[in-house]
Trainee: 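My questions will all concern the structure given below.
Residue numbers begin at 1 in each chain, while the letters A, B, ... track the order of the sequences.
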Amino acid sequence: MRLTVNGKPREIASDEPAPPDGLALPALLRSFDINPKLVAVAINGDVIAKDAYGAAVVHDGDDVEIVRMVGGGAS
Amino acid sequence: MRLTVNGKPREIASDEPAPPDGLALPALLRSFDINPKLVAVAINGDVIAKDAYGAAVVHDGDDVEIVRMVGGGAS
Amino acid sequence: MRLTVNGKPREIASDEPAPPDGLALPALLRSFDINPKLVAVAINGDVIAKDAYGAAVVHDGDDVEIVRMVGGGAS
Amino acid sequence: MRLTVNGKPREIASDEPAPPDGLALPALLRSFDINPKLVAVAINGDVIAKDAYGAAVVHDGDDVEIVRMVGGGAS
Amino acid sequence: MNDRLTIAGKTFGSRLFLGTGKYASPEETVGALEASGTELVTVAIRRLDLDNPGTKTELDFIDWSRYSVLPNTAGCRTVDEALFTARLGRSVTGSDWVKLEVIPDPKYLLPDPIGTLHAAERLLAEGFVVLPYIHADPVLAKHLEEAGCATVMPLGSAIGSGQGILTLHEIKIIIENARVPVVVDAGIGAPSDAALAMEIGADAVLINTAIAKATDPTLMAGAMRKAVEAGREAWRAGRIASKPYASASSPLEGVAR
Amino acid sequence: MNDRLTIAGKTFGSRLFLGTGKYASPEETVGALEASGTELVTVAIRRLDLDNPGTKTELDFIDWSRYSVLPNTAGCRTVDEALFTARLGRSVTGSDWVKLEVIPDPKYLLPDPIGTLHAAERLLAEGFVVLPYIHADPVLAKHLEEAGCATVMPLGSAIGSGQGILTLHEIKIIIENARVPVVVDAGIGAPSDAALAMEIGADAVLINTAIAKATDPTLMAGAMRKAVEAGREAWRAGRIASKPYASASSPLEGVAR
Amino acid sequence: MNDRLTIAGKTFGSRLFLGTGKYASPEETVGALEASGTELVTVAIRRLDLDNPGTKTELDFIDWSRYSVLPNTAGCRTVDEALFTARLGRSVTGSDWVKLEVIPDPKYLLPDPIGTLHAAERLLAEGFVVLPYIHADPVLAKHLEEAGCATVMPLGSAIGSGQGILTLHEIKIIIENARVPVVVDAGIGAPSDAALAMEIGADAVLINTAIAKATDPTLMAGAMRKAVEAGREAWRAGRIASKPYASASSPLEGVAR
Amino acid sequence: MNDRLTIAGKTFGSRLFLGTGKYASPEETVGALEASGTELVTVAIRRLDLDNPGTKTELDFIDWSRYSVLPNTAGCRTVDEALFTARLGRSVTGSDWVKLEVIPDPKYLLPDPIGTLHAAERLLAEGFVVLPYIHADPVLAKHLEEAGCATVMPLGSAIGSGQGILTLHEIKIIIENARVPVVVDAGIGAPSDAALAMEIGADAVLINTAIAKATDPTLMAGAMRKAVEAGREAWRAGRIASKPYASASSPLEGVAR
C-alpha cells in the first residue's frame with residue numbers, strides 16, 4: 001500500500017490481516033514499531049482521537065502524519 | 001421638515017420652492033448659510049459627491065452629516 | 001565651668017571633687033547622665049581613646065563633642 | 001656636538017661660526033632645514049620663547065625638543 | 001543634490017510632515033508651517049457648527065497652494081467610523097489620500113492592528129491612497145504593505161507624549177523589511193528624536209504636538225526642519241559604528257617628554 | 001537673532017568645535033571644517049620628524065584666518081607631560097588657550113580627575129585659558145570652575161566610541177550648576193547625539209571622530225552643524241515635557257457617526 | 001503567605017515557566033527544570049523519525065508527574081499550520097492547553113497579530129485553553145482577552161535574543177488594562193530582566209534560551225527562580241518611586257564639627 | 001558551594017550590605033536586617049542629644065552580635081569633617097572600618113573626588129580600613145585602590161533616588177580594572193537593579209532607601225536578598241550574549257503540514 005507519511009511517500013508492507021480496502025491504524029503503527037501512547041496521528045489532515053485508533057483505517061494514497069513531543073520553547 | 005443634522009434633530013424651514021417630497025441639498029445648505037465648497041455632506045450615511053449636490057434631495061426624517069476640515073494631527 | 005558642648009555653650013555644675021584646674025571627663029559624662037560605652041568624646045578636636053577617659057580632664061572654655069551611633073546609610 | 005633631540009641622540013655638524021661653548025638655536029634649526037615659525041623648541045625642558053631664539057644656545061649633551069602642530073582632536 | 005521622497009507617485013522635497021492641531025493661534029500655525037518647510041499637512045474632519053457655519057479656523061489662514069493636504073481619521077474608534085470619515089475627508093479636501101487611524105483606546109491612543117488592516121483593505125478597494133498609523137509591529141507593517149498601502153506610519157511612542165522613539169528596535173526592523181516609505185508618526189518630542197528617526201533610515205517623520213505646544217512653535221518648527229535634514233544627511237553620510245571602548249583621535253606617538 | 005557664545009572674552013557664532021584627527025586626506029579635513037561652520041579647531045602637538053622636517057600635514061591646507069586654533073594636550077598621561085605640551089603648544093600656535101587632557105588609561109581614554117585639576121591650577125597660574133576635558137563629574141566640574149577654568153568639557157562617552165551621551169544625567173547636573181560654558185566633548189556619534197546635548201542646555205559640542213570617520217565627512221559635518229543649531233534652537237524654543245500617556249492632537253468632539 | 005497564580009482554573013505556586021529547547025543534554029534539561037522550581041513546561045510538536053521511532057529525547061528523562069505540560073505551535077508560519085499542530089499537540093500530550101505561536105518571519109521570529117487572533121478564535125471554539133504569544137501591542141492583547149484567551153504572552157524582545165525587556169513601556173500598558181494573567185515571553189537574558197518583568201506587575205515569565213544556553217544551566221535556573229520571586233515580592237512590597245534628585249538616608253543635623 | 005566575599009581579611013557570606021537610615025520604626029529596621037541576610041551594616045555618627053542622653057534609637061534594638069558595624073561619614077561636607085567623624089566613629093563603634101563620604105553638594109549628594117582621595121590617604125595613614133563612596137569614575141577608583149583602600153564603592157545613581165544603575169557603563173570599566181572588591185552603593189531602587197549590578201560582576205551592593213522606604217520593608221529586604229544572590233549566581237553561571245536578532249529555541253524542521 002502506498003502512503004505519504006510525514007511528507008514522504010512510503011510503501012507499507014504488513015503481513016497482518018487487513019480490511020479488504022485498507023490497513024488498521026494499530027497495524028500501521030506496529031509496522032513502524034511505534035508506541036501509540038507516545039505519538040499523535042492525523043490521516044488526511046484529521047487528527048485521530050486516541051480512543052478511535054482501533055477503528056481507524058488507512059487506505060492507499062492516504063496522507064498520514066505521526067508526531068511526538070520534542071524539546072522546544074518558542075519558534 | 002424634520003431632519004437629524006450632525007446628530008441633532010432639527011426643524012428645517014425653507015421658503016424656497018421644493019420638490020413635493022423633499023428639499024434640494026443646495027437649498028438645505030443655503031438655509032444654514034453654508035458655503036458648499038468648504039464642507040462635505042452625507043445623507044443617511046452616503047457621502048454626496050460634489051457634482052451631485054444639485055440633484056441631491058433630503059427627505060423628512062433623513063440623517064444628514066455636514067463636516068469641515070479642522071486642525072488636527074492625530075487622534 | 002563654661003564649656004562648649006556639641007556646639008552650644010553650657011555652664012557645667014558638678015559637686016564632685018575636681019582637679020583645681022578642671023573637671024574629670026567621667027565626671028562630666030556623669031553630670032549629663034551619659035553611659036560612656038555608648039558615646040565617643042572629643043576635647044578641642046582631639047578624640048579621646050576609651051581607655052584614656054579616666055585621665056582626661058576638661059577645662060574652662062574647652063570645646064567638647066559627644067557623639068553616638070544613629071541610623072544612617074549615606075549622606 | 002652631541003645632543004638628544006626629540007628623544008634620540010644626534011651628532012650635530014654645523015659649519016657655521018658658533019660660540020666657543022655651544023651652537024646658536026637658529027643655526028641648529030637651519031642644520032635641520034626647519035622653519036622656526038612652524039615649530040616650538042624646548043631646551044632641557046624649558047620652552048624657548050619665539051623672540052628669544054636668537055639668543056638661545058645649545059650645548060653639548062643638551063636635551064632638545066622640537067615640535068609642530070598635527071591633526072588631533074582628543075587623546 | 002537630489003534626495004527627494006516619493007509616495008504614491010507624488011514627490012516631496014521635505015521629509016517633515018506636520019499636523020495642525022493644538023496651536024494657540026492661526027499666526028502660530030502659519031508661522032510653524034512656513035518655518036518647517038513642510039510640503040504635506042494633515043487635517044482632521046469634524047462636524048460643522050451649524051449655529052456658526054462661517055466661523056474661521058486656523059486652517060482658513062493657510063496658503064493651501066503651498067502644501068498638499070492629508071485628511072486623517074483622527075478620533076475614529078471603529079472601522080466604520082474611519083471609513084465614513086475617510087470618505088467625507090476625500091469629499092471636503094478633494095484628495096484621495098488618507099492618514100488612517102483606528103484608535104479604540106482613549107488613554108494611550110494606541111491604534112487597533114486588526115481594525116486598521118480591515119479599514120485599509122476597504123479604503124484601498126475604494127481607490128484611496130492609504131497611509132496607516134500603526135503600532136511598531138513589523139509583521140503588521142508587512143501585512144499593510146502587501147495590502148497596497150502607500151506607506152506605513154509606525155509610532156515612536158504615544159501620541160503627544162513626547163517620549164521619543166521608544167520603539168527604536170522595532171522601527172529598525174520595519175525599515176529593514178519595508179518596500180514602501182516608512183514615516184515615523186507620534187512621540188517625537190525634540191529635534192534629537194526626529195534626527196534619530198531619520199538616522200536609522202526612516203523616510204520621513206510626522207510631528208504635531210512637539211511643535212504646536214512648544215513655547216515658541218515657529219522656532220521649534222525651524223529646529224525640527226534642521227534636525228530632519230541632519231538625520232537624513234547623516235544616514236546618507238554613513239555614521240561611525242558605536243564601540244564599547246575608546247579610539248584616540250590624535251597620534252599616539254611623538255608626545256614630547 | 002543674536003545667540004552667540006562667549007568663552008574667556010572671545011565670541012563665537014558657531015557652537016560646534018572640531019577636532020582635526022583621523023581624516024583620510026587634507027581635502028576631507030578642509031571640506032569638513034568648511035561645511036561644519038566651526039570657528040574653533042583643536043590640534044595636537046607632536047615631535048617634528050627631523051628626517052622630513054618639511055613634510056606637509058592636513059593642517060597646512062587649512063585657511064587659519066577662518067578659525068581660532070585650540071592646542072590640546074592629547075596623548076599626555078601625566079601632569080608633567082600635559083604642562084610641557086601645553087607650553088610647547090602655546091609657543092607653536094601663539095594661542096594661550098589649551099584643551100587640557102590628562103589621560104593615563106589607554107583603553108577607555110578616561111581623564112584623571114586629580115591630575116587634571118592639578119595641571120589646570122598650574123596652567124592657570126601661568127596665564128593659560130584652560131578648557132579641561134573631564135569625566136562628567138559635577139563636583140569635579142565645580143572645582144575646575146572655581147579654580148578659574150574658562151569652560152568645563154565633560155565627556156558624553158569614551159573618546160571615539162560613538163556611543164552618544166551615556167552621561168546625560170550627570171551632564172544635566174553640571175549644566176544646572178555651572179557658571180562657565182559647558183562643552184560636551186567625546187562620544188558623539190550622530191547628529192541626534194549632538195542635538196540632544198544642546199537640547200539639555202550645553203553651550204557647545206566638540207566633535208572629531210564622528211565626522212572624520214564618517215563615510216562622507218563633509219556631508220556629516222553639515223549634518224552636525226544643522227543638528228547643533230537645531231538642538232540649540234529647541235532649547236531656546238522650550239520643548240514639550242515628556243508624559244507617560246497620550247494627548248490627542250485633534251479635537252475629541254465632532255466626529256461624524 | 002499565599003500568592004499563587006491561577007490560569008484557566010489551574011493554580012501554580014511558581015511564576016516561572018520553562019521551555020525545553022536548546023539544552024546540551026537530558027541531564028541539563030532535568031537539572032534546570034528541578035532548580036527552577038517551575039510547574040509549567042512547554043514542548044514543541046514535531047514529526048516522528050520513522051526510521052528511528054524509539055529514539056529517546058531529553059523529554060523522556062523528565063518526571064512528568066512534577067510538571068504540567070504546555071504544548072506549543074512553535075515553527076508554525078500560518079494559521080492552518082498552527083491549528084493542525086495544536087490539535088496534534090492536544091492528542092499527544094492529552095492537554096487542551098496550547099501556547100499559540102503564528103510566526104511568519106524567520107529572522108526576528110515576530111508573531112503575526114492577524115493570524116494569531118484568527119487562530120485563537122478557532123482554537124477557543126474547539127475548546128482549547130489558549131495562551132497566545134504576541135508582540136507587546138496593548139490593543140491586540142485586549143482583542144485576545146476579549147476573544148477568551150486564558151492569558152496574553154507579550155514578548156520582551158526577539159526570541160532567544162537575550163536583549164531583555166525592550167517593550168517595557170507597552171507591557172506596562174498591557175498589565176494596566178489586562179483582566180487575564182500577563183506572561184512575559186521571549187527576550188529575557190538575565191535575572192535582572194526577569195525581576196524587572198515581575199516588578200512592573202507581570203504575573204509570570206517564560207524562559208528558555210537564557211537558561212538552556214547559559215554556561216551552567218542549572219545554576220542559572222536557580223538564579224532565575226530567585227529573580228522571579230524577588231521581582232514578585234518587590235511588586236507586592238511596593239518599591240520606592242524613582243526621583244531625579246537625591247534624598248539623604250542619614251540625618252542632616254548633628255554632624256560633629 | 002563556597003563563594004564568599006573577603007574585604008580587608010574579613011569574610012562575608014552575604015553580598016548585600018544595609019544602611020540603617022529612614023526606617024519608620026525599630027521593628028522595621030530589625031525585620032529588614034534579618035530578612036536581608038546581611039552581615040555588614042552601616043551607621044551614621046551624630047551628636048548626642050544632651051537633654052535626652054538616654055533616648056533609645058532603632059540601633060539599640062539590633063542584635064549586634066549578628067552584624068559587623070560599618071561607621072560612615074555621612075553628612076560630612078569637607079575633608080576635616082570626614083576625618084573628625086571617622087575618628088569619632090572608630091571610638092564609638094570600636095571598628096576601624098569606615099565608609100568614607102565627602103559630599104559638598106546638598107541636592108544631588110554627589111561625592112567630592114578630590115576631597116575623598118585626600119581624606120582616604122589621611123585615614124589610611126591612621127590605620128583605618130577605608131571603603132570610599134565615589135562617583136563611578138574609573139580613574140578615581142584606580143587612585144583610591146592604589147592608595148590602599150579596601151574597596152571602591154561607586155554610585156549607581158544619586159543617593160535615595162531609586163533611579164537604578166545609570167552609571168552601568170562606567171561601573172563595568174571599574175570592575176574590569178579593579179583589584180579590590182567593587183561595591184555598588186546608592187541608587188538601587190528595585191531588585192532588578194541589584195541583580196544587574198551583580199550580573200556585571202560587582203562584588204556586593206549597599207542598599208538603604210529602597211528597603212527602608214518600601215511599603216513593606218521586610219518583604220523588600222527578602223526580595224533584595226534573593227536578587228543579589230540571583231545576580232551573583234547569574235554572573236557565575238555565564239549569561240547568554242545579547243543578540244540583535246532572534247534565535248529559535250525549537251527545532252526548525254519537522255513541523256507537521
Trainee: Applying a heavy-atom distance below 4.5 Å, give me the residues of residues 213-225 of chain G that approach chain A, sorted by number.
Mentor: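 If one takes a 4.5 Å heavy-atom cut-off, no residue of residues 213-225 of chain G lies near chain A.
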
Trainee: What are the two closest heavy atoms between A:Val67 and G:Ile45, and how far apart are they?
Mentor: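 That would be CG2-CG2, 3.5 Å.
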
Trainee: For the residue pair A:Val47 and G:Ser91, what are the closest heavy atoms and their distance?
Mentor: CG1-CB, 3.8 Å

Trainee: Drop me the distance from A:Met69's CE to G:Asn72's CG, to the nearest 0.5 angstrom.
Mentor: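 Going from the CE atom of A:Met69 to the CG atom of G:Asn72 covers 11.0 Å.
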
Trainee: What residues, two or more places apart in sequence or in another chain, satisfy salt bridge (charged side-chain N to carboxylate O under 4.0 Å, His left out) together with G:Glu126?
Mentor: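 If we apply the salt bridge (charged side-chain N to carboxylate O under 4.0 Å, His left out) test to G:Glu126, skipping adjacent residues, the hits are G:Arg87.
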
Trainee: In Å and rounded to the nearest 0.5 Å, what is the OG1 to CZ distance from G:Thr57 to A:Arg68?
Mentor: 5.0 Å

Trainee: Do other residues, nucleotides or ligands put more than 12 heavy atoms under 6.0 Å from the CZ atom of A:Arg10?
Mentor: yes

Trainee: Which value, rounded to the nearest 0.5 Å, describes the distance between A:Leu38 atom CG and G:Leu48 atom CG?
Mentor: 9.0 Å

Trainee: Heavy-atom distance under 4.5 Å to chain G: side chain of A:Val5, backbone, both or neither?
Mentor: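 Contact with chain G is through both the backbone and side chain of A:Val5.
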
Trainee: With a sphere of 6.0 Å drawn around CG of A:Asp33, does it hold more than 12 non-hydrogen atoms of other residues, nucleotides or ligands?
Mentor: no

Trainee: Could you list the residues that satisfy salt bridge (charged side-chain N to carboxylate O under 4.0 Å, His left out) with G:Asp63, not counting sequence neighbours?
Mentor: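 Applying salt bridge (charged side-chain N to carboxylate O under 4.0 Å, His left out) to G:Asp63 gives none.
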
Trainee: Sequence neighbours left out, what passes side chain to side chain contact (heavy atoms under 4.5 Å, CB included) with G:Ser68? Give chain and number order.
Mentor: G:Lys10, G:Phe12, G:Leu40

Trainee: Roughly how far, to the nearest 0.5 Å, is the CG atom of A:Asn6 from the CZ atom of G:Arg46?
Mentor: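 It comes to 12.5 Å.
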
Trainee: Return the CZ to CG distance between A:Phe32 and G:Asp51, rounded to the nearest 0.5 Å.
Mentor: 8.5 Å

Trainee: Please look at G:Val41 and chain A and tell me whether the side chain, the backbone, both or neither of the residue comes under 4.5 angstrom of a heavy atom of that chain.
Mentor: neither

Trainee: Is chain A contacted by the side chain of G:Leu88, its backbone, both, or neither, given a heavy-atom distance below 4.5 Å?
Mentor: both

Trainee: Quick check on G:Asp60 against chain A: is it the side chain, the backbone, both or neither that has a heavy atom closer than 4.5 Å?
Mentor: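 Only the side chain of G:Asp60 comes within 4.5 Å of chain A.
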
